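Given the structure is predicted, the values throughout are model-derived calculations rather than measurements. Numbering of ligands and ligand atoms starts at 1, following listing order.
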Amino acid sequence: MKTGQNHLFIPGPTNVPERVRMAMNVPMQDMRAPDFGDLTLPLFAGLKKVFRTKSAEVFMYPGSGTGAWEAAITNTLNNGDRVLMSRFGQFSHLWVDMAERLGLDVDCIDVEWGKGVPVEQYAEKLKADTEGRIKAVFVTHNETATGVTSDIAAVRAALDEADHDAMLYVDTVSGLGSVDFRFDDWGVDLAVSGSQKGLMLPAGLGILAASQKAIEASKTGTMDRCFFDFADMMKMNADGYFPYTPPTQLFHGMRESLGMIFEEGLDNVIARHYRLGEGVRRAVAAWDGCELCATDPKWYSDTVSAIRVPKNVDARDVISHGYSRYSTSFGSGLSQLAGKVFRIGHLGSLNEVMCIAGIGSAEMALADAGARIELGSGIAAAQAWYRGDMQQELKIAAE
Ligand SMILES: *Cc1c(COP(=O)(O)O)cnc(C)c1O
């Protein structure tokens with residue numbers, strides 16, 4: 001029999017804080033009641049703050065991030081539209097796959113897994129497209145399969161330099177609410193997210209922000225859509241209602257989780273993710289024969305580390321030992337990374353000591369799987385970083 005709790009170090013679903021779980025334990029309620037908007041309208045406002053937008057429309061669909069991808073595409077594009085995409089991990093791959101299956105004409109740039117968005121190639125293609133055939137540019141902000149964060153502002157700059165009118169679509173499912181995201185400043189047109197990652201909620205909501213330009217495009221977009229139709233949603237959302245039954249429990253949870261994010265302060269949440277992620281990275285650097293999948297510090301993700309294991313080790317064994325012996329869930333290596341990589345998710349409701357526990361568990365699982373790492377080496381490196389950082393903060397506070 002297992003005792004204690006299972007430790008969740010997958011990059012979603014993430015830990016749901018006790019406060020949020022308790023807040024969801026409420027009776028079912030009338031979703032047509034006159035005061036239903038009191039619950040929902042502040043959530044739209046709160047999500048706007050997390051997206052850092054004043055001008056966008058925010059949508060919450062029963063579903064998951066993948067549903068929000070589909071909503072973004074089917075509302076704003078037309079069959080046969082040319083779109084510029086790139087593939088450097090399983091999630092960017094799946095978005096390309098969806099775009100092709102929905103009938104878009106996809107120009108996909110394949111990039112070595114471990115790197116991020118190929119900004120220079122995007123810039124060249126946008127400059128060369130003097131007829132404006134490219135209708136949309138897609139970027140996966142935080143590629144969860146490889147632990148790579150891409151520079152969205154640089155893609156916006158490439159669009160501006162080419163004086164190109166294409167809309168900018170960003171998947172920030174595993175970035176929003178944990179790494180810096182700036183919808184308005186970066187001129188994003190559609191930003192896709194979900195409830196079960198940085199927002200510390202159960203799965204169940206696909207969350208989407210759409211610029212006014214995207215809303216305009218949706219009025220003439222001719223792709224088939226029904227459940228995801230922007231117009232139906234917006235008509236009802238204006239007063240806090242939905243065109244079909246919304247998951248009210250999740251809304252109660254979100255009220256609490258957004259409250260927690262704003263109590264901590266969004267900037268502090270982002271700084272905490274850097275601090276926690278850097279501790280994990282230092283642990284990885286201390287493990288003989290292990291290295292990050294992300295090939296350059298500029299790509300390092302503060303929400304997930306994908307870790308290449310030594311050649312003699314099967315990463316699947318690390319994950320299975322972690323789960324069965326140490327009650328710890330690590331993320332697996334997806335697709336071409338299967339067996340080569342395991343992932344430590346470090347986003348959402350997490351602190352230093354939880355990370356130390358995850359690192360310690362990973363060390364045991366790695367050693368069990370045959371890695372010749374020194375037990376405690378990663379823990380020590382992370383402890384030094386977490387303490388050093390704290391001492392630095394105390395020094396600043398004292399000055
Ligand atoms: C989790 C994730 C998705 C898929 O979201 P679901 O909620 O599982 O549909 C898409 N993109 C990225 C980058 C993700 O991390």
**Asked** Between Tyr241 and Thr40, is any side-chain donor less than 3.5 angstrom from a side-chain acceptor?
**Response** no

**Request:** Provide, to 0.1 Å, the distance between atom 4 (C) of ligand 1 and the closest protein heavy atom, together with that atom's residue and name.
**Result:** Thr66 OG1, 3.8 Å

**Item:** ligand 1 atoms in contact with Ser174 (distance to a heavy atom under 4.0 Å)
**Value:** 13 (C), 15 (O)

**Message:** One thing to verify: whether Arg52 and Asp180 come together as a salt bridge, which I'm taking to mean a side-chain N less than 4.0 angstrom from a carboxylate O.
**Reply:** yes

**Complete:** Numbered in order shown, the ligand 1 atoms found under 4.0 Å of a heavy atom of Ser64 are 6 (P), 7 (O), 9 (O)

**Request:** Report the nearest protein non-hydrogen atom to atom 14 (C) of ligand 1: residue, atom name, distance rounded to 0.1 Å.
**Result:** Lys197 NZ, 2.9 Å

**Request:** Before accepting this row, confirm whether a basic side-chain N of the pair Asp165/Lys213 lies closer than 4.0 Å to the acidic partner's carboxylate O.
**Result:** yes

**Message:** I need the atoms of ligand 1 closer than 4.0 Å to a non-hydrogen atom of Trp69, numbered in the order shown.
**Reply:** 10 (C), 11 (N)

**Request:** Go through the side-chain N and O atoms of His7 and Ser329 and say whether any donor and acceptor fall under 3.5 Å apart.
**Result:** no

**Salt bridge present between Lys125 and Asp129 (N-O < 4.0 angstrom)** = no

**Request:** Take Arg325 and Asp368 through the salt bridge (charged side-chain N to carboxylate O under 4.0 Å, His left out) test and state the conclusion after the steps.
**Result:** CA-CA 10 Å; Arg325 302 185 68 166; Asp368 294 351; 3.3 Å; yes

**Request:** Quick one: look at His141 and ligand 1, take heavy-atom pairs under 4.0 Å, and tell me if it's side chain, backbone, both or neither.
**Result:** neither

**Proximal candidate to atom 10 (C) of ligand 1 [heavy atom criterion; set Asp171, Val304, Asn142, Ile207]** = Asp171

**Request:** Any atoms of ligand 1 less than 4.0 Å from a non-hydrogen atom of Gln196? List them with their elements.
**Result:** 6 (P), 7 (O), 8 (O)

**Asked** Are Lys135 and Tyr169 in a cation-pi contact, defined as NZ or CZ under 6.0 Å from the six-membered ring centre and within 45° of the axis?
**Response** no

**Item:** Identity and distance of the protein heavy atom lying nearest atom 15 (O) of ligand 1
**Value:** Thr144 OG1, 2.4 Å

**Request:** Indicate yes or no: does an N/O atom of Gly65 lie under 3.5 Å from an N/O atom of ligand 1?
**Result:** yes

**Asked** Is the closest heavy-atom distance from Gly194 to ligand 1 below 4.0 Å?
**Response** no

**Tyr244 and Tyr61 aromatic centres sub-6.0 Å** = no

